[in-house]
Asker: 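Dropping a structure here in structure tokens format, bear with me for questions.
One is the number of the first residue; the rest follow in order along the sequence.
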Amino acid sequence: QLFCFRNSDQDEAHPGPSCPAGSYADPNTVPNDGATAPPADLMPLVPGYESLGPNVIIPPSDFGSAQPQAPSRAPERRFDIPAITEELAQEAFIKYASSKCCYSSKPAKEMVFTDLQSLNTYRYRLETFTESRTTEWDSEPYNGQVVDGFGVAPAPWSIPVPIPSLFQDCEKAVRVPHTSTVKGCHSCLNLGRSACRRCVNSGRSRCAYCGGTGRTGSNRCSPCHGSGMTRCHSCGGVGSITCKTCKGQGKLLCFIKLKITWKNNIHVAVIDKGSGFPVERLHQISGEKLLTDMAPMVYPVVSFPDSSVNAESESGVREHQAQFATTCRILQQRQTIELIPITRVHYAWNEKTHIYFVYGTEHKVYTKDYPVKCCCCSIL
């Protein structure tokens, strides 16, 4: 049986501040567009950057050039798991029963072993570390800074960006040289201020003390002098607030942003010989590493003693190369084979036979038919 499991600095979001208990939500604090660029149809056309957008993946300029090299030598010896001793199997079972509040440890202490079967279980793991690039217009408030708008913009894949730690997800954004331009702020129409959403540009809002009635009980409301309206404290009574896009400048420095995404793409398969053990329990279990191979592009394992591992390696490598080679730059691949010790234990207790498993280097125990449970565990 084969079981497969297929599985960064980011641009910060700027949500509005949370409201304390009992206070009102100021509509001026809700997130807006931020310092984003004007609509794309208002921006100049930059050669080499005709297709922009966060979902437009740019194919690498050198895709298909790297080819995996055949391994010089494959492992020749067989990897067999020695069965654990009866003493260790019983010790693990007693520890397991003691960890369950409603399990009696009597079966674990009194059982009679009838058979211990060692099961060769392998875990194959392929990691493909890729780099992808996208481009889009971005902006920042213009405060008179230098405008880099002259010269030919370099192609997206020719811009050097340091590679972070291998096999770790990461994101980074850099400004594309020679793509800067100054534009009027599209959010405030170059004014530097936006209408206050709370008072709708009037400078006055409903009195929070009287709810706009002008009275508190039988008396005239003091804060609003009976008018039901007070000066809007969101905008200070002026009816407008500083534009959040241009920070009051009325202009934006627009540029093309190159976003680089490094991702560790993982393919995992557990080769199980029909042991009856639920292999999903092996996710966090340690095994013994038998093979580690790392290269810009790995070659499938071809001579491992278990042919199922060879087949899974070939399938995983070809799948990743087909999936990523034309849309990303494959920077590094790593494949590992682990041997996970699993022992199936047959035992007798109280004239009945039962089975449990001892697995992993941690000697964890799994069983679905422990002989003695209290009523609450039986119901559960």
Side-chain angles (χ1 to χ4, degrees), residues 9-44 52-55 134-149 171 173-175 179-257 259:
D9 296 333
Q10 300 181 356
D11 293 341
E12 293 183 1
H14 299 281
S18 59
C19 299
S23 67
Y24 68 94
D26 188 342
N28 292 320
T29 63
V30 298
N32 71 341
D33 293 338
T36 57
D41 56 354
L42 300 179
M43 305 306 296
L52 302 177
N55 299 319
T134 60
T135 53
E136 61 182 310
W137 282 104
D138 200 356
S139 70
E140 63 184 29
Y142 180 62
N143 301 307
Q145 58 266 50
V146 175
V147 181
D148 179 17
E171 286 187 355
V174 298
R175 188 174 305 189
T179 61
S180 298
T181 182
V182 177
K183 294 286 184 180
C185 180
H186 57 290
S187 295
C188 64
L189 302 179
N190 309 353
L191 299 175
R193 298 190 67 82
S194 302
C196 176
R197 297 182 182 182
R198 180 165 179 79
C199 66
V200 197
N201 217 27
S202 68
R204 295 176 64 79
S205 58
R206 187 173 61 179
C207 177
Y209 290 89
C210 65
T213 63
R215 305 192 68 81
T216 54
S218 59
N219 301 319
R220 189 177 71 165
C221 179
S222 298
C224 67
H225 305 291
S227 67
M229 303 292 288
T230 59
R231 186 177 66 173
C232 177
H233 48 270
S234 290
C235 64
V238 299
S240 63
I241 61 172
T242 301
C243 176
K244 295 181 180 180
T245 301
C246 66
K247 306 300 182 187
Q249 299 301 315
K251 293 182 180 180
L252 295 173
L253 177 64
C254 303
F255 51 87
I256 293 179
K257 177 179 69 176
K259 184 176 180 181

Asker: I need the minimum non-hydrogen distance between Cys235 and Ile241, along with the two atoms involved.
Answerer: CB-CG2, 3.9 Å
Asker: Could you pull out the closest heavy-atom pair between Cys221 and Tyr209, with the gap in Å?
Answerer: SG-CB, 4.1 Å
Asker: Taking side chain to side chain contact (heavy atoms under 4.5 Å, CB included) as the test, write out the residues that go with Thr242, two or more places apart.
Answerer: Arg193
Asker: Not counting sequence neighbours, which residues clear side-chain hydrogen bond (donor to acceptor under 3.5 Å, both in side chains) with Asn201? List them please.
Answerer: none
Asker: Please identify which of these residues, Lys247, Gln249, Arg175, meets the side chain to side chain donor-acceptor pair (under 3.5 Å) condition with Glu140.
Answerer: Arg175
Asker: Return the minimal non-hydrogen interatomic distance between Cys246 and Gly192, and the atom names on each side.
Answerer: SG-CA, 3.9 Å
Asker: Looking at every non-hydrogen atom in both residues, tell me the closest pair between Cys188 and Gly250 and how far apart they are.
Answerer: SG-CA, 4.5 Å
Asker: Please tabulate, for side-chain N and O atoms in residues 222-232, each donor-acceptor pair with protein atoms closer than 3.5 Å (sequence neighbours left out).
Answerer:
unit_1: Ser227; atom_1: OG; unit_2: Cys224; atom_2: O; d: 2.7
unit_1: Ser227; atom_1: OG; unit_2: Met229; atom_2: N; d: 3.3
unit_1: Ser227; atom_1: OG; unit_2: Met229; atom_2: O; d: 3.0

Asker: Which is it for Leu42 and His186 under the side chain to side chain contact (heavy atoms under 4.5 Å, CB included) test, yes or no, and what are the steps along the way?
Answerer: CA-CA 10 Å; Leu42 300 179; His186 57 290; 5.6 Å; no
Asker: Do Leu253 and Ser180 make a side-chain contact, defined as non-hydrogen atoms from C-beta onward lying under 4.5 Å apart?
Answerer: yes
Asker: Run the side chain to side chain contact (heavy atoms under 4.5 Å, CB included) test against Asn190 and tell me which residues pass, sequence neighbours left out.
Answerer: none
Asker: Please enumerate all residues that pass side-chain hydrogen bond (donor to acceptor under 3.5 Å, both in side chains) together with Ser205, with sequence neighbours excluded.
Answerer: none
Asker: So which heavy atom on Thr213 is nearest to which on Arg215, and how close?
Answerer: OG1-O, 3.0 Å
Asker: Restricting to side chain to side chain contact (heavy atoms under 4.5 Å, CB included), what partner residues turn up for Lys251, sequence neighbours left out?
Answerer: Tyr142, Val182
Asker: Judged by atom type as modelled, is there a donor-acceptor pair below 3.5 Å linking the side chain of Thr179 to the main-chain atoms of Ile256?
Answerer: yes
Asker: Once side-chain hydrogen bond (donor to acceptor under 3.5 Å, both in side chains) is applied, do any residues pair with Arg206, and if so which ones, sequence neighbours excluded?
Answerer: none
Asker: Tell me, please, which residues at least two apart from Thr134 pass side chain to side chain contact (heavy atoms under 4.5 Å, CB included).
Answerer: Ile57, Lys259
Asker: Which heavy atom in Thr135 sits nearest to a heavy atom in Leu52, and how many Å separate them?
Answerer: OG1-CD2, 3.0 Å
